[in-house]
Amino acid sequence: NTEIRCGKIIPYLPSGKRDKNQNPNWWHSIKKMNCQIRQCFFGDHLIPDSKLPLAIVESAKTAIIMDVMLPQYTWLSSEGSNGLQDHKCHSITGYDVTLFPD
């Protein structure tokens with residue numbers, strides 16, 4: 001099904017820090033599903049309904065925390081320092097966007 005999006009499963013320790021001893025896994029790998037991965041911004045689904053300026057950070061965890069701390073933005077994550085790629089940015093065209101390094 002081409003409508004299926006994949007999900008990355010990231011292991012965290014009870015302290016809230018990432019478990020660096022375990023690699024992330026992908027939901028479609030666990031379920032033995034075929035899908036084509038074309039990553040988007042974490043939170044990309046929130047953009048069409050938002051009237052707020054967009055804020056992009058590197059980590060999904062940071063985006064979630066900042067959504068509570070500074071709700072005057074719609075928070076997105078690039079999912080890594082190399083995550084600001086052209087194919088992702090079509091969804092933010094025409095919006096007021098601020099990048100915050102984390």
Side-chain angles (χ1 to χ4, degrees):
N1 184 340
T2 59
E3 299 294 319
I4 295 174
R5 285 281 188 170
C6 298
K8 185 167 37 170
I9 301 167
I10 302 173
Y12 281 88
L13 298 170
S15 65
K17 300 216 181 267
R18 263 182 90 166
D19 186 346
K20 301 283 184 178
N21 295 318
Q22 293 186 47
N23 291 324
N25 204 344
W26 291 92
W27 180 254
H28 72 279
S29 296
I30 293 169
K31 292 295 186 178
K32 310 263 188 276
M33 297 169 46
N34 291 326
C35 70
Q36 184 176 350
I37 298 177
R38 185 153 178 97
Q39 287 187 310
C40 61
F41 288 113
F42 173 85
D44 198 69
H45 66 288
L46 302 171
I47 297 171
D49 296 326
S50 178
K51 304 284 188 255
L52 301 173
L54 305 179
I56 301 176
V57 292
E58 185 179 324
S59 160
K61 179 179 166 185
T62 302
I64 292 167
I65 291 168
M66 294 308 295
D67 186 58
V68 174
M69 302 298 292
L70 291 174
Q72 64 265 36
Y73 292 97
T74 296
W75 289 91
L76 309 173
S77 165
S78 63
E79 288 293 308
S81 60
N82 296 322
L84 279 177
Q85 299 166 352
D86 289 345
H87 74 272
K88 288 184 183 179
C89 291
H90 75 278
S91 63
I92 61 173
T93 300
Y95 287 89
D96 177 11
V97 179
T98 304
L99 303 175
F100 290 93
D102 46 316

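- With a 4.5 Å cut-off on side-chain heavy atoms, M69 and I65 count as touching.
- Note on V57: it clusters hydrophobically with Y73, by side-chain heavy-atom contacts below 4.5 Å among ILVMFWY residues.
- In this structure, CD on Q85 lies 12.5 Å from NE2 on H90, to the nearest 0.5 angstrom.
- Other residues, nucleotides and ligands contribute over 12 non-hydrogen atoms within 6.0 Å of the CG atom of D96.
- A single hydrophobic cluster is seen to contain both L99 and L54, as judged by linkage of ILVMFWY side chains at heavy-atom distances under 4.5 Å, directly or through other members.
- Between W75 and F100, the ring planes are tilted. Angles from 30° to 60° get that label.
- In this structure, P48 and Y95 approach most closely via the heavy-atom pair CA-OH, 4.1 Å.
- To the nearest 0.5 Å, the span separating OG1 on T74 from CG on L52 amounts to 4.5 Å.
- For S78 (side chain) and G83 (main-chain N/O), no donor-acceptor pair under 3.5 Å exists by modelled atom type.
- Note: D19 CG to I10 CD1 = 11.5 Å, rounded to the nearest 0.5 Å.
- S77 and A60 get closest at one heavy-atom pair: OG-N, 3.1 Å.
- Here the side chains of P24 and R18 are in contact, with some heavy-atom distance below 4.5 Å.
- With rounding to the nearest 0.5 angstrom, the NZ atom of K88 is 6.5 Å from the CD atom of E79.
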Check the pair F41, L84 against side-chain contact (heavy atoms from CB on, under 4.5 Å), reporting the backbone distance first and the verdict last. CA-CA 9 Å; F41 288 113; L84 279 177; 3.8 Å; yes
Please walk me through it: do I47 and L76 pass side-chain contact (heavy atoms from CB on, under 4.5 Å)? CA-CA 9 Å; I47 297 171; L76 309 173; 3.8 Å; yes
